[in-house]
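The analysis underlying the following values was restricted to heavy atoms, covering all of them including side chains, and did not include hydrogens, waters or symmetry mates. We count ligands from 1, going down the list as the structure has it; atoms in each ligand are counted the same way.
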Amino acid sequence: MDAAIEQNRRAAVLSEKKNKVLGVCLEDARISKSYLAVAFVALLLGGLLGLLQGLNRAGVLELPAWLNYYQILTAHGLLLVVVLSAFFTIGYFYAGLSHTLGGLLPKVRNLAWIGFWTKMVGLVLVVVPVLMNEASVMYTFYPPMAAHPVFYFGLVFVVLGIWMLATGAFINVAHWRKNHKGQHLPILAFFATGVFVLLVGATAFVAVEVLFMIIPWSLGWVETINVMVARTLFWAFGHTAVNIWYLTAVSAWYVIVPKIIGGTRWNDYLTRVVVIALVIMNITGGFHHQIVDPGISLPIKFMHVFMSLAIGFPSLMTAYAMFRVFERTGRRKGGKGALGWFKKLPWGDVRFLSPFIAMAAFIPAGAGGIVQSTNQLDQVVHNTMWIVGHFHLTLGMSVVMTFFGISYWLVPYLSKRVLTPQMNKLGVIQTIIWTVGMVIMAISMHAAGLLGSPRRTSFTTYGDFAETLGWNPLMTAVGIGATLLLIAVILQVHAVFNMMFFAPKGEVEFPIAEVEKNETAAPYMTERWGIWVVVMMIVIAMAYVLPLTDMIVNAPPGSPPFKTW
Ligand code: HEM
Ligand SMILES: [Cu+2]
């Protein structure tokens with residue numbers, strides 16, 4: 001046992017040295033690059049399908065008989081909200097762990113590879129039934145719609161892969177802490193810890209749903225399924241998943257962006273508190289996706305609205321923190337007056353511009369989220385195109401544009417290549433096209449939704465019913481936005497693979513901002529992850545025990561599987 005620890009320690013010291021000499025540990029870099037490559041291939045495919053959807057809904061593209069709208073929609077959702085986001089998050093945080101903890105331990109590296117291939121096997125198992133039109137159940141796979149059982153087995157593998165990666169991250173973090181008693185985890189590793197804790201928490205729910213409910217039901221071992229319980233377990237996972245992608249973006253806002261603009265980080269103590277708050281309060285937000293579901297009592301729904309809005313609080317802290325950092329840095333660079341600092345920010349640098357627009361988009365995106373968490377207002381927008389507009393702002397802009405911004409330094413860093421001025425310019429153009437496309441698409445979607453246009457519905461004129469004709473110009477705008485977006489997707493994917501394989505050789509830094517001089521340090525309390533996980537579980541129990549018990553004890557008749565497509 002001791003010998004193993006000693007061996008690991010020596011390995012870590014070795015890779016720490018290697019890091020110092022070479023900038024990046026090449027073996028660790030290969031792991032992150034593989035994850036990023038999959039992520040951006042998923043962006044290309046998912047973006048292409050997004051365009052098909054956009055053009056179909058604009059009424060300019062009729063899909064061939066062998067390609068079903070709902071099949072595409074399933075693949076689009078899965079590729080972008082599950083594959084792109086998860087693979088990027090893992091690639092980025094594994095690079096962060098390697099960089100800030102002095103290299104990955106050999107066994108962690110092995111786990112990361114096994115996890116990678118487990119996830120890839122899972123993906124194939126998920127994709128094949130979708131391609132065969134045996135699983136057009138959308139990425140939410142709500143029962144009583146039932147896919148081919150292989151689809152669900154694929155999901156199990158994806159979750160197993162995530163658990164391996166989380167285990168790897170925890171081992172590396174624990175190892176570092178053992179050798180750095182009394183010290184605070186480096187901030188990026190701190191974010192990574194929060195993200196992997198949430199990933200385990202979120203996937204636990206979906207694992208129960210898939211393993212113990214859906215698989216036996218889809219194999220015909222049990223005749224019926226409790227639809228409400230399945231939906232509730234799904235959203236404990238699904239809501240948390242999107243918030244994990246958001247927390248990943250937030251980590252770059254706090255840690256990376258200040259360095260890129262030549263400034264210092266926001267208060268370290270508050271940053272850690274934001275991470276802890278987002279971890280503790282996240283999973284309970286799931287119910288806001290079920291405000292309109294029957295069978296959940298109003299007091300429970302009210303409690304969940306409260307718990308959802310609670311997540312807004314750390315987000316407001318983040319908004320304040322970011323603009324404070326921008327202002328402080330701009331002023332130190334000589335910006336005068338109320339807004340002079342604004343001009344001093346490096347607008348021509350894609351590594352800043354892209355995440356900046358991402359942050360700005362979170363202002364309307366968050367406001368829309370508050371609308372949807374409010375019972376009365378949600379009655380108007382529920383299941384309309386408004387919702388699709390909302391998550392293209394939150395995910396399609398706030399999260400994904402931050403990921404794009406990260407890619408312009410992370411990919412060169414990992415590949416020991418440089419970001420050339422030409423590539424930076426291409427990135428700026430890509431950022432602008434993506435922004436214009438997403439803004440057009442998201443505004444039109446919000447507006448169409450307010451007028452009542454439903455989401456997840458292929459093109460129809462409803463027999464030219466007058467009420468619905470007003471949606472058409474808005475849906476045409478969705479098609480225009482979608483076209484711009486695909487151009488931006490192609491530029492972005494080109495940029496990533498160019499920087500990975502073809503850009504000129506060289507060294508770029510892994511930008512991590514320092515704290516302000518003379519800042520009071522965070523108390524060691526913030527490092528007590530055991531306590532935070534227990535508090536998280538108590539909050540989850542408060543939110544879920546009563547409603548789930550009620551749904552199981554007073555269960556309505558279950559449902560047999562349906563194939564609706
Ligand atoms: C090329 C860029 C994109 C285009 C043109 C696009 C377009 C669309 C359209 C038209 C819909 C279908 C609306 C409906 O019928 O309900 C949709 C759904 C969706 N999109 Fe995108 N999108 C793009 C990028 C993204 C990104 C980057 C993400 C997330 C990271 C994303 C996540 C989703 C999700 C989760 C759905 C819902 C699927 C469902 O209802 O099951 N999209 N998108
Ligand atoms: Cu949510």
Could you tell me, atom by atom, which parts of ligand 1 come under 4.0 Å of a heavy atom of A482? 5 (C)
Check W245 against ligand 1 and report side chain, backbone, both or neither, counting heavy atoms closer than 4.0 Å. neither
Need one value: angle at atom 21 (Fe) of ligand 1, H76 atom NE2 versus H392 atom NE2, rounded to 10 degrees. 180°
Residue-level breakdown please: for L80 versus ligand 1, do any non-hydrogen atoms fall below 4.0 Å on the side chain, on the backbone, on both, or on neither? both
Looking at E209 and R231, is any side-chain nitrogen of the basic one under 4.0 Å from a carboxylate oxygen of the acidic one? no
Given the rule in the ring-ring contact (aromatic ring centres under 6.0 Å, His included) test, do F234 and F141 qualify, once you have shown the distances and angles that lead to the verdict? CA-CA 9 Å; F234 177 83; F141 54 89; 5.3 Å; yes
Which one holds for T457 and ligand 1: side chain close, backbone close, both close, or neither close, with close meaning a heavy atom under 4.0 Å? backbone
Could you tell me the separation between the CG atom of L78 and the OH atom of Y139, rounded to the nearest 0.5 Å? 9.5 Å
Show which atoms of ligand 1 fall inside a sub-4.0 Å distance from at least one heavy-atom site of Y69. 12 (C), 13 (C), 14 (C), 15 (O)
So, for H446 and H390, is the gap between ring centers shorter than 6.0 Å? no
CG of N243 to OG1 of T248, rounded to nearest 0.5 Å, is 10.5 Å
Which is it for F40 and F87 under the ring-ring contact (aromatic ring centres under 6.0 Å, His included) test, yes or no, and what are the steps along the way? CA-CA 9 Å; F40 284 97; F87 276 76; over 10 Å; no
Measure the distance from atom 7 (C) of ligand 1 to every protein heavy atom, then report the residue, atom name and distance (to 0.1 Å) of the closest one. M441 CE, 3.5 Å
The Cu ion (ligand 2): protein N, O or S atoms that are less than 2.8 Å away, sorted by chain: H239 ND1, H288 NE2, H289 NE2
In ligand 1, the atoms that come under 4.0 Å of a heavy atom of R57 are 14 (C), 15 (O), 16 (O)
